[in-house]
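To start, the structure under review is shown below, and the notes come after it.
Order of appearance sets the numbers: ligands from 1, and atoms from 1 within every ligand.
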Amino acid sequence: RVVDAAGNVLVPGIVDCHIHNREPGLEYKEDWRSATRAAAAGGVTTVVGMPNTDPVIDRPEHLELKFDRGEASAHVDFQSYAVVTSENLDLIPDLDEAGALGFKIFLGSTVGDVPPPNDGEVLEAMERIRETGKRLGFHEENGEIVDHYTERFKTEGRNRPIDHAHSRPVIAEREAVERTITFAAETGTKIHMFHVSSGAAAEAVARGKARGVDVTAETTPHYLWFTEDVLREKGNVARVQPPIRDADERERLWAIGIDDGAIDCIATDHAPHTPEEKGVDDPFADTWESISGFVGLETEVPAMLTFVDRGRLTIEEWVRRHSTRPAQVWGMYPRKGSLQIGTDADLTIVDPDAEWTLEDRRDLHSKHCVTPFEGESFTGKTVATIVRGEVVYENGDVVGDSGYGTRVDVDE
Ligand code: DOR
Ligand code: ZN
Ligand code: ZN
């Protein structure tokens, strides 16, 4: 298959190290096939799945199950994190051996049944993970602060979508970043901050880097694109953890995170839920009845290209954060994240000038496509996606086979 790339731009395949593919166990929301179909359509050649599935990916058998399901049905290449809870510290070496890309700790409650480890357990997990040479990433929100304000707001009868955002304040994120950086300074473990949503947290990451801690960080297109006004306009559709922040935090996220370089990676936190779970029929109904997260795989490249078009970052700075750095941070470089030609080539072809609007979320390829980007306009789109030399997506059609995608083996 030959792609006519004339007039378009060829970049190394986009690497999204933060998706919730939901398989095993939550296939009513999404599965490997539908998530990687969306990835192919979005220009994403490698995805890394989060471990808050059912069962959670907390032991080697569960990781193997997740890998087997991916081998059977993925359209693009993939990997997975293993979770560390208060109950599986001794399994860290086995999860490493079983081929986990890295580890994730959810500090505080999240979507799914993932008991958060206490501070002592986090420290011990860091010591054990240091021995594997792999990186430990955090859902970095202080659960005690979040739980306190959530309960208080519920008692006070505050139940608008914006109240959900304010119940998870910036201080909860910033404190968790500072604490885990302090722990990593003590243990010498490589750590990562997933989905950094605020300037305050980006600043804490910058200070950690300046201290010499091996801390890397990620943000998502939605924190760079929206302000909390989107919760007043689109309601619970835009509900996410951590929440979308105010304009001041967004500007400081741009300044400290992107302009000054505290943020290494762009990823989506692609988190599909059914329209019923999101409450789309009445997006301003009781926010506590709704659920956090939305899809992103097919809007991340257009959103970033739109920022490039507006002059907010260069195309090189975008590619570095959306392909090269994520592959390096998670140990997949140069197999992933580099510009190669030939049968090993992962390539994304984009039209940086295409102007379009996401009129209808049902044009997307996930099982459920609720997203606050519905109705947004972009400059730039994905034209074709090439995984290991094969075209998997071209001009509106996913043309690759389910099952072609394979696990990125980092222990070879
Ligand atoms: O909004 C979120 N949704 N944040 C998370 O940390 C989890 C995710 C999910 O799994 O739906
Ligand atoms: Zn998270
Ligand atoms: Zn997530």
Set of salt bridge (charged side-chain N to carboxylate O under 4.0 Å, His left out) partners for Asp397, sequence neighbours left out: none
For each nitrogen or oxygen atom of ligand 1, which protein N/O atoms lie closer than 3.5 Å, and how far apart are they, rounded to 0.1 Å?
residue: ligand 1; atom: 1 (O); partner: Gln241; partner atom: N; Å: 2.9
residue: ligand 1; atom: 1 (O); partner: Gly293; partner atom: N; Å: 3.4
residue: ligand 1; atom: 3 (N); partner: Ser292; partner atom: O; Å: 3.2
residue: ligand 1; atom: 4 (N); partner: Gln241; partner atom: O; Å: 2.9
residue: ligand 1; atom: 6 (O); partner: Thr110; partner atom: OG1; Å: 3.4
residue: ligand 1; atom: 6 (O); partner: His139; partner atom: ND1; Å: 2.9
residue: ligand 1; atom: 10 (O); partner: His20; partner atom: ND1; Å: 3.3
residue: ligand 1; atom: 10 (O); partner: Arg22; partner atom: NH1; Å: 2.9
residue: ligand 1; atom: 10 (O); partner: Asn52; partner atom: ND2; Å: 2.9
residue: ligand 1; atom: 11 (O); partner: Arg22; partner atom: NH2; Å: 2.8
residue: ligand 1; atom: 11 (O); partner: His273; partner atom: NE2; Å: 2.9
residue: ligand 1; atom: 11 (O); partner: Ser292; partner atom: O; Å: 3.3

Sequence neighbours excluded, every pair satisfying side chain to side chain donor-acceptor pair (under 3.5 Å) that has a member inside residues 40-55: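 Side chain to side chain donor-acceptor pair (under 3.5 Å) check on residues 40-55 returns His20-Asn52.
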Hey, is [X] close enough to [Y] for a salt bridge, meaning N to O under 4.0 Å?
X: Glu178; Y: Arg174; answer: yes
X: Asp31; Y: Arg33; answer: no
X: Arg252; Y: Glu249; answer: yes
X: Asp264; Y: Lys209; answer: yes

Under-2.8 Å protein N/O/S neighbours of the Zn ion (ligand 3), ordered by chain then residue number: His18 NE2, His20 NE2, Asp269 OD1
Between Phe138 and Phe183, ring centroids under 6.0 Å: no
Plane angle bin for Phe194 and His18 - parallel if under 30°, tilted between 30 and 60°, otherwise perpendicular: perpendicular
Quiz item: cation-pi between Arg158 and Tyr149, 6.0 Å / 45°: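 That pair does not qualify as a cation-pi contact.
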